[in-house]
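Working notes for the structure below.
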Amino acid sequence: MDICVTTLLRDKGFKVTPQRLAIYSALAATKAHPSAEMIYNELQPVYPTMSLATVYKTIEILKELNLVQVLNVGEDSFRYDADTTNHPHIRCMGCGRVDDLYGVDSSEFIKQVSSQTDYTLQGQQFYFYGMCPRCQKQAAVVS
């Protein structure tokens, strides 16, 4: 995977640095949909001279290379997903956890939006909000 990222970075004229590879690896290795701050906090012990700005700049580069997607799930900061396939996400309103949703067919809805608006759609993102099973259990215990 890093070989592909290395090649893409070089082909587009970006420097290949250990920090950039580590940031992509951290994103690719998790389903937690971390924010830039979460990535920074995870990698800071290994790369103590890396700044939060480096994380943000690298994410912008990875986004430009279509290696990550940016998620706006209604928080103060964006979350990131290395799975760039078209899939919806669900966020727990209790703990903030963000999960992928697969097997949800939105093609008819997308066709409907396109036909009703006369827009040429260039993309879409779906977000759902609710309470995860863990937070449901905690709420039941408190009640």
Side-chain angles (χ1 to χ4, degrees), residues 1-10 12 14-117 119-143:
M1 192 171 290
D2 281 345
I3 295 170
C4 176
V5 174
T6 301
T7 302
L8 282 171
L9 285 166
R10 281 195 184 120
K12 295 294 182 177
F14 296 107
K15 288 183 182 177
V16 177
T17 66
Q19 292 88 347
R20 286 183 177 161
L21 295 177
I23 291 164
Y24 178 74
S25 292
L27 276 166
T30 184
K31 292 289 184 188
H33 305 88
S35 65
E37 293 83 4
M38 295 164 124
I39 296 167
Y40 172 77
N41 290 334
E42 178 185 335
L43 296 176
Q44 223 282 320
V46 181
Y47 298 95
T49 60
M50 181 175 64
S51 68
L52 183 57
T54 299
V55 176
Y56 278 110
K57 288 174 191 172
T58 299
I59 289 170
E60 281 303 310
I61 290 168
L62 295 173
K63 182 179 135 195
E64 183 180 325
L65 298 174
N66 296 315
L67 292 172
V68 299
Q69 62 174 305
V70 179
L71 309 177
N72 182 356
V73 293
E75 298 175 315
D76 291 337
S77 59
F78 294 116
R79 300 281 197 105
Y80 304 99
D81 191 352
D83 180 353
T84 57
T85 62
N86 193 7
H87 62 280
H89 295 86
I90 189 164
R91 177 175 167 240
C92 178
M93 298 304 288
C95 66
R97 171 177 142 183
V98 177
D99 290 317
D100 297 309
L101 288 173
Y102 295 106
V104 177
D105 184 5
S106 58
S107 59
E108 289 304 314
F109 181 64
I110 293 167
K111 286 179 194 173
Q112 184 180 2
V113 169
S114 181
S115 68
Q116 288 184 6
T117 63
Y119 273 65
T120 300
L121 298 180
Q122 297 175 334
Q124 51 78 25
Q125 288 184 330
F126 291 112
Y127 302 110
F128 297 90
Y129 304 92
M131 296 294 276
C132 72
R134 190 183 83 201
C135 288
Q136 290 175 50
K137 284 180 187 174
Q138 288 176 345
V141 170
V142 172
S143 299

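Treat the numbers as computed from the prediction; the structure is a model and nothing was measured. Numbering of residues begins at 1 and proceeds along the displayed sequence.
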Looking only at heavy atoms, which two atoms of P45 and P48 are closest? And how far apart? O-CD, 4.0 Å

For the pair L62 and R20, evaluate side chain to side chain contact (heavy atoms under 4.5 Å, CB included) and give the outcome as yes or no after the intermediate values. CA-CA 9 Å; L62 295 173; R20 286 183 177 161; over 6 Å; no

Would you find a donor on one side and an acceptor on the other, under 3.5 Å apart, between the side chain of T58 and the backbone of T54? yes

Do E42 and Y47 have a side chain donor and acceptor closer than 3.5 Å? no

Do V98 and Y127 have side-chain heavy atoms sitting under 4.5 Å apart? no

Is there a donor-acceptor contact under 3.5 Å from the side chain of S114 to the main chain of T120? no

Any donor and acceptor pair, going by atom type alone, linking the side chain of S106 with main-chain N or O of F109 inside 3.5 Å? no

Between CG of L21 and OG1 of T6, what distance do you get to the nearest 0.5 Å? 4.5 Å

Main-chain N/O of V70 paired to Q125 side chain as donor or acceptor, under 3.5 Å: yes

With a 4.5 Å heavy-atom cut-off, do V55 and E37 have their side chains touching? no

Looking only at non-hydrogen atoms, find the nearest pair between F128 and P88 and report the distance. CE1-CB, 3.9 Å

For H89 and D100, test the side chains for any donor-to-acceptor distance below 3.5 angstrom and give the result as yes or no. yes

Nearest heavy-atom neighbours spanning M131 and G94: SD-N, 3.6 Å

Y102 atom OH: more than 12 heavy-atom contacts under 6.0 Å: yes

Is any side-chain heavy atom of M50 less than 4.5 Å from a side-chain heavy atom of Q44? no

In this structure, CG of L71 is separated from OG of S77 (nearest 0.5 Å) by 11.0 Å

R10 side chain vs V16 backbone, donor-acceptor pair below 3.5 Å: no

If we ignore hydrogens and angles and just use 3.5 Å, is the side chain of R79 paired with the main-chain N or O of H33 as donor and acceptor? yes

Walk me through whether Q19 and K57 qualify under side chain to side chain contact (heavy atoms under 4.5 Å, CB included). CA-CA 11 Å; Q19 292 88 347; K57 288 174 191 172; over 6 Å; no

Can you tell me how far the OH atom of Y80 sits from the OG atom of S35, to the nearest 0.5 Å? 8.0 Å

For the CG atom of L67 and the SG atom of C4, what is their distance to the nearest 0.5 Å? 6.5 Å

Donor-acceptor pair, distance only, cut-off 3.5 Å: does the side chain of Q69 make one with the backbone of D81? no

Quick one: are N66 and T84 in side-chain contact, heavy atoms under 4.5 Å? no

Atom CG in L43, atom CG in L52: separation rounded to 0.5 Å? 11.5 Å

Is Y56 atom OH crowded by more than 12 heavy atoms from other residues, nucleotides or ligands, each under 6.0 Å away? yes

Would you say T30's side chain and L27's backbone share a donor-acceptor pair under 3.5 angstrom? no

Which heavy atom in C132 sits nearest to a heavy atom in C92, and how many Å separate them? N-SG, 3.3 Å

For A82 against Y24, the heavy-atom pair lying closest together: CB-CE1, 4.4 Å

